[in-house]
Every structure is written in structure tokens, then in C-alpha cells.
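In what follows, residues are counted from 1 in the order of the sequence shown.
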Amino acid sequence: MQPITRLFCTSALLACTTAAFGANADTQAREQWHGEIQNGYESLATETEQLASATAGYCNAPTSGSRPALNDAWLDAFLAWQQVRFVDFGPVENNNLSWQFQFWPDPKNLVARKARYLLDTEAPVNADVINQSGVAVQGFPMAEYLLFDEQLNSGENALPTAKNCEVLSAVTRHMARNARDLADSWVSFKQHYLDTEPYRDTTIKAGMTALEILEERRLAQPMGLRGNGKRNPYITDAWRSGKSLMAVEATVAGLEKFYLPGLTTLLKAAGEAELADRIQRQFEKVADNFPEAHVAMTTLMGSDDQFRILQGLYVDVSQLSTLINDEAAVALGVVRGFNSSDGD
């Protein structure tokens, strides 16, 4: 074999081997993502079922001990949702399931208005009513309002009044059904997900978008770093329960648990193992802000000393966002497009 022919054959073989390795990595990453997200959805289904059960138990026999247990059941289910909240494609798009789980942002306080209407109506509030009442009624924010709103819980419609229990029971059962349907649908979605190459980039972008929303809307805006420059904890999700920052922690933990393994597989296949290690370390750095940041946003915004906790968290999240949205995206050839965090 002539040298030039041998060189051509060697180069062609190397190119084919590299392409095959890349394709295998893409498939492996999608298999990892599907399996990890399945675990997240199963956890969400379990926790929402337990929330519905805790609601029934409390409303049937309210005691001083069952109310904290009900509050904890809401939080456990809500945090399970936060961990898989980054998935913005596939079955969660059906029937606006994502919005059904969490109607947010809510600048017009639609959740409270809808809740007051349902609590004041004399007609029974059942599954059909919840199905027809829109996404502001159907998820975690509505349950949070019924459980934690100070004004509501100091008035005549406070739990465990019959009407509040009726509404809360219907809402939590609706959430549990949706979560089980979502988990089952994700199982059925597996082969299509694995066979469809563009889901590689779709999944990568889902994590990128989640980080942008976390950085800009869930931290920067309420901190006054965007917009009018004024601190406003009441535009965060879960402000009524004071769990906004626990939700942030859960979102980051979910990305690390369900998203990072597939991303790491792709980065290592692209010769970017060092970048993958830096991203892993940055996830750990964000986590180091907790449990100190397990405080209501209103508390942390009350003084400059406390506000520094938020500032440290924001900086660490921002650096994580930069690593993934800029460096990892470039390394993997992912083109950033328009997303919901860019504005209306």
C-alpha cells in the first residue's frame, strides 16, 4: 500500500471511529437522562400521592400533629417537583402539565383570586371543577395558598373548615393523578426519546433554560438586581410558605442528579473532562450555600448582613450558569436560542 493511500485509509478510519464514538456517547447520554428523569418523575408521583393521602387524613381527623405532617407532605412533593422542573419537553408538555403543577409567575395574584372564588362558592368543588378551573387552581401554588396564606388562615375559611378541605382535597388528588400519568407517559416515551437524535440538544437546552430562569427570575429579579432595582421577595415562587430558597436548592440538586450525568458523558466524549469536573465542583459550591440559606427570602432581604447570603448564592448560581450555558454549550455545539427566560 502506498504511503499516501495508507494515510488516507488511516484518516478515514479515525474519522469513522470518532463519529461512532460520538454517536454512542449521544445514545448513552440519552439513556442516562431518560433513566434519571424517570426516577425523578416516580418520586414526584409518590410524593404527590402521599400529599393527597395526608390531606385526607388531616381533613378527616384534624389534630395538632397532623397539620405539621400535612405541611411537610406539601413541601416534600413541591421539592420533588422542583427537581424535575427543568424538563420542559416530552409528556410534560401535554395538557400544560408543567403549568398545572406550578402556575408561576403570578403577577396578578390569580391563585388567590381563584382560591377565594372556590372557597366562597356553595357548589361542591370536585374533580370536574378543578379540571375546568384552569392551571392557576390545579397545582402547588393553590395548595400552598390554602395551607400557608396568613390572611386566609386567620379567617373563617382556614383549615380544617369543610370548604377548604374540600378544595384542598380536590387539588391534591388532581396533582397526584397528573404526576402518576406523567411518570407512566415518560416510560412510554422512552423509545421515541432514544431514537430521536435532536433530543440530545433539547435536553441540554432544558438544563440551560432552567439555570437562566433560576439566575434571572428566581434570584436576580426579587433581589433587585434586575428591573426597578428594588428588593421584592413576593415575586418569588413559594413566598407564602417561605420555601423559595429550599426550592432553589432542590432545582440545583435535581439538575445535578438527573441532568449532569448525561452532560458529563457528552463532555468527556468531546475531550472536555476537565470542564466536566469544573461543572461538578461548581454544583458542589452552590450546594455549600445551604442550609444557611434555608431562610425565607423576606428574612434575608431584611438586612444587608443577611442579604449577603443571597448574594453569595446568586454569584455561585451565576457561575454555574456560565459554565453550562456558555462553555459546555459551545463545547457540545449547542446553539442557544430564544427561551421563556428572555422575556415576553
**Residue E292 excluded, over 12 heavy atoms near CD under 6.0 Å** =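 Not buried by this count: 12 neighbours or fewer within 6.0 Å.
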**Request:** Can you establish whether the number of heavy atoms outside F89 located under 6.0 Å from its atom CZ is more than 12?
**Result:**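 Enclosed: over 12 neighbouring heavy atoms sit under 6.0 Å from CZ of F89.
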If we only count heavy atoms from C-beta on, is the [X] to [Y] side-chain gap below 4.5 Å?
X: D201; Y: L332; result: no
X: N289; Y: Y314; result: no
X: V92; Y: W99; result: no
X: T161; Y: E156; result: no
X: L182; Y: F101; result: yes
X: P233; Y: T298; result: yes
X: E216; Y: R226; result: yes

Reported [atom1]-to-[atom2] distance for the pair [X] and [Y], which is rounded to 0.5 angstrom:
X: T48; Y: N178; atom1: OG1; atom2: CG; answer: 8.5 Å
X: L263; Y: R200; atom1: CG; atom2: CZ; answer: 9.5 Å
X: D237; Y: Q102; atom1: CG; atom2: CD; answer: 5.0 Å
X: S244; Y: E249; atom1: OG; atom2: CD; answer: 13.0 Å

For residues [X] and [Y], is any side-chain donor paired with an opposing acceptor at under 3.5 Å?
X: N95; Y: Q100; value: no
X: Q311; Y: R308; value: no
X: Q32; Y: E36; value: no
X: Y41; Y: S185; value: no
X: S66; Y: T63; value: yes
X: T251; Y: R218; value: yes

**Asked** Do F189 and W186 make the cut of ring centroids closer than 6.0 angstrom?
**Response**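 Yes, they do, as the ring centres are separated by less than 6.0 Å.
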Electrostatic pair [X]-[Y], nearest N-O below 4.0 angstrom:
X: E42; Y: R180; value: yes
X: E166; Y: K163; value: yes
X: R278; Y: E274; value: yes
X: R240; Y: E150; value: no

**Geometric cation-pi criterion, R30 with Y199: 6.0 Å, 45°** =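 No, cation not above the ring by the 6.0 Å, 45° rule.
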What pair of heavy atoms forms the shortest contact from [X] to [Y], and how long is it?
X: F86; Y: A210; result: CB-CB, 3.5 Å
X: K108; Y: R113; result: O-NH1, 3.4 Å
X: N164; Y: A158; result: ND2-C, 4.0 Å

**Request:** Sequence neighbours left out, what passes side-chain contact (heavy atoms from CB on, under 4.5 Å) with D76? Give chain and number order.
**Result:**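 E47.
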**Request:** May I have all residue pairs that pass ring-ring contact (aromatic ring centres under 6.0 Å, His included) and include part of residues 141-170, sequence neighbours excluded?
**Result:**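 Applying ring-ring contact (aromatic ring centres under 6.0 Å, His included) to every pair that reaches into residues 141-170, excluding sequence neighbours, yields W74-F148.
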